[in-house]
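A short worksheet on the structure shown next.
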Amino acid sequence: MIKAETMNLDTPTRRAFLTSTGALATTTLLGAAGRARAATPSTLPTAPAAPAAPARSTLPRRPNIVIILADDLGYGQLGCYGQKLIDTPNLDRLAAQGLRFTSAYAGAPVCGPSRACLLTGLHAGHATVRENPLGGPDPSLTSADVTFAGLLKLAGYRTACIGKWGFGPEIAGQPSHPNARGFGEFFGFIGHKHAHQYWPRYLWHNRATVPLNGAAYAPDLFLSRARAFITAAAAAGEPFLLYLPTTLPHSPSDVPGDAGRYEDEPWTRANRRHAAQVTRLDAHVGRIVRTLREAGVADSTLLLFTGDNGPHREKGVTPRLFDSNGPYRADKGDLYEGGIRVPMIAWSPALPDPGRVIDEPVAFWDVLPTLADLAGIPAPAHLDGTSLRGLLDGSGFTGHSHLLWNRPDRVQAIRRGDWKAIRFAPGVAGAGPGGRFELYDLSGDPGERHNLARARPHLAAELNAAIDASIAPDPRLPYGMRLTSTSATADRPCTVTVTLHNGSATTWTDLRIRLHPPAGWHITGQGRHAPLRPGASATLRFTLTPPAQATPTGTLTATARFTTGGRHVRFRTRKKITTSMRTA
């Protein structure tokens, strides 16, 4: 912690800052819309233009959700955010038909903690994962981490994560594995380093590896698998959640074939192929939208597109060439706006008033409570996020008191209204032994060029204290439903336990918990429970007896029905049960 009376309120010299954090991009504010050429890589044609979405009152109840997360895509790299050199016609079209956020923030300026914030609804002052590996093993999520997938799976959604996960060891059956954190299907990379390979030797499918021997381009595989998931879920009539964290356009700048329409541009090879990566990403988004339309579920789906942090400058890519961070200072790894402000587009034919631009500050930790709200289930208590439903349907929104970013022992930042403060630890980015504190008024200085910390010392001290107050242990309560996995013996009774944790902020009433065994099994046990207050748990035990000729494996399904906040809620969880034959 840096005390207010010892804070260094001076901006570092350019040499000192560049030595510690990497070069800054000097940018200019681009026009509102870049050119949108039709040409894209020939293997991935753009989706055909669709008619403008009609104005509608609200999203449907329990909509399907598609979240597409780009990797290291800067705020200014899409035409709808001012890009002039790179073609992104599909995303530009979605922004024109949906909502475009101009003050959307990633969870962190680097991958791991940013994704943890997105998945869990906590900022990096509270989340389990608060920093990237930094040369060590990938940080892991824990069994206490309730993700938006875990919530929607409880609510009966079919869930999938296809792409880059980024947490925990490459081991099946551990708590940080995506299958253990709410995703019924997983296909892709588990670890960060593995995800740097565009032509991998293998990928994970659920708990096993699939050999590829470098013969396939990973993002194209992700697109194919994602389209298959949408088609299957739509055919089954199930609401679904697709989380598609692609690796585009992360370094290295690798695409199949040449750089397409950028091949003859007078840029470096890395920049030409980086531009091709961004356009390929755009084409993938177009194919996902086309698949939603072909499956007949576009009108009942909300698609959210964003990026995990600012643009990278790795392996020869030059963000300044593309104005990749728009009008903002710095890029990936920094807590200046260019490192954390990201493009965010929400699209659905059901959204009212297409083409709206949302200037309200929002952040990754708002996604989980938004999805819980849309799915009609209570959000966990003590989250840092708030539902954005009022922004989506135009019904009104109460903004954040502040937004917080944290790179432990290095740098923190806070935004409150238009005021943005950044605090550097001693020795970081040219800071002296007392650290350094910077203060900016984003309303007139979006590029963070004029440090006002010395001119506003009382405000600087106030925001410094607010940073300290925002960094603490995980504040959440246990949340969810657990069904004990068990084995049974034919014609002999066994006990199965169902536990329901109310980790929300409201009491759950009219609670009924039921267990549904395989056909032919006999079951006894209670099913009702007293109201469940926030922080409380309900445990019910059931006695099951398999028939004498029971099949070797079956499925137990536990359901919980309750009322909260005027809404009727149904949770569901399943476990396999194995049955052995009775021996003499």
Side-chain angles (χ1 to χ4, degrees), residues 11-12 14-27 69-77 104-118 123-125 127 129-136 138-139 164 166 192-193 195-196 245 247 249-253 270 274 306-343 363-364 403-415 420-431 435-436 438 440 447-448:
T11 304
R14 179 173 175 82
R15 180 179 297 274
F17 181 80
L18 296 184
T19 299
S20 298
T21 63
L24 301 178
T26 303
T27 58
L69 182 68
D71 201 345
D72 291 0
L73 180 76
Y75 179 91
Q77 289 191 274
Y105 288 94
V110 289
C111 171
S114 188
R115 291 161 192 253
C117 296
L118 177 71
H123 61 52
V129 176
R130 306 185 186 187
E131 187 56 285
N132 253 14
L134 298 177
D138 285 345
K164 173 181 171 180
H192 280 273
K193 292 182 179 179
H196 295 171
T247 52
H250 195 287
S251 71
S253 300
H274 178 74
T306 189
D308 66 344
N309 46 246
H312 75 81
R313 54 175 64 250
E314 299 164 5
K315 300 186 184 301
V317 171
T318 312
R320 184 179 299 182
L321 170 67
F322 304 110
D323 281 333
S324 297
N325 49 5
Y328 303 113
R329 179 178 178 178
D331 41 49
K332 177 181 178 180
D334 290 300
L335 286 181
Y336 294 111
E337 293 289 285
I340 53 177
R341 196 181 294 214
V342 293
F364 270 20
L403 301 175
L404 186 283
W405 298 268
N406 173 39
R407 299 196 73 180
D409 303 318
R410 300 179 67 183
V411 59
Q412 291 80 37
I414 189 169
R415 175 172 176 173
K420 168 84 174 292
I422 306 177
R423 184 177 75 183
F424 294 91
V428 174
R436 187 179 68 255
E438 299 174 13
Y440 301 97
E448 296 167 293

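A quick note: this is a predicted structure, and the numbers were derived from the prediction, not measured. These numbers come from the heavy atoms of this one structure, side chains and all, not from hydrogens, waters or symmetry mates.
We find the CD-CZ distance between Gln412 and Arg407 to be 10.5 Å, quoted to the nearest 0.5 Å. Between atom CG of residue Leu69 and atom CG of residue Asn309 there is a gap of 9.0 Å, rounded to the nearest 0.5 Å. Expressed to the nearest 0.5 Å, how far CG of Asp72 lies from CG of Asp308 amounts to 5.5 Å.
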| field | Residue pair Ile340, Arg415: steps toward the side chain to side chain contact (heavy atoms under 4.5 Å, CB included) verdict | value | CA-CA 12 Å; Ile340 53 177; Arg415 175 172 176 173; over 6 Å; no
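Residue His123 comes nearest to Leu404 through the heavy atom pair CB-O, 3.6 Å, listed as atom of the first residue, atom of the second, then distance. Shortest non-hydrogen contact noted between Ala363 and Leu403 is CB-CD2, 4.1 Å. The two residues Asn325 and Gly338 come nearest to each other via the heavy atoms CB-CA, 4.1 Å. Looking at every heavy atom in both residues, Pro311 comes nearest to Gly74 through CD-CA, 3.5 Å. For the residue pair Cys117 and Ala124, the shortest heavy atom distance occurs at SG-N, 3.6 Å.
No side-chain donor-acceptor contact under 3.5 Å links Ser324 to the backbone of Gly76.
For the side chain to side chain contact (heavy atoms under 4.5 Å, CB included) criterion with Val411, the lone passing option out of Asn406, Leu335, Asp334 is Leu335. Partner of Arg341 under the side-chain hydrogen bond (donor to acceptor under 3.5 Å, both in side chains) criterion, out of Tyr75, Tyr328, Tyr336: Tyr328 alone.
Considering only residues two or more places apart in sequence or on other chains, Glu448 meets the salt bridge (charged side-chain N to carboxylate O under 4.0 Å, His left out) condition with Lys420. Residues passing the ring pair (Phe, Tyr, Trp, His ring centres under 6.0 Å) test with His250 are His196, sequence neighbours excluded. Not counting sequence neighbours, the partners of Asp71 by the salt bridge (charged side-chain N to carboxylate O under 4.0 Å, His left out) test are Arg115, Lys164. Partners of Ala106 by side-chain contact (heavy atoms from CB on, under 4.5 Å), not counting sequence neighbours, listed by chain and number: Ser114, Val342, Phe364. Applying the side chain to side chain donor-acceptor pair (under 3.5 Å) rule to Ser251 yields the partners Glu314; only residues at least two apart in sequence or on another chain are considered. For His312, the ring pair (Phe, Tyr, Trp, His ring centres under 6.0 Å) partners at least two apart in sequence or on another chain are His274. Not a single salt bridge (charged side-chain N to carboxylate O under 4.0 Å, His left out) links Arg130 to another residue, sequence neighbours left out. In this view, Asn132 and Val110, Cys111, Pro113, His192 satisfy the side-chain contact (heavy atoms from CB on, under 4.5 Å) rule, not counting sequence neighbours.
Between Arg329 and Glu337 there is no salt bridge, since no side-chain nitrogen of the basic residue lies less than 4.0 Å from a carboxylate oxygen of the acidic one.
You'll find the side chain of Ser253 reaches within 4.5 Å of the side chain of Val317, heavy atoms only.
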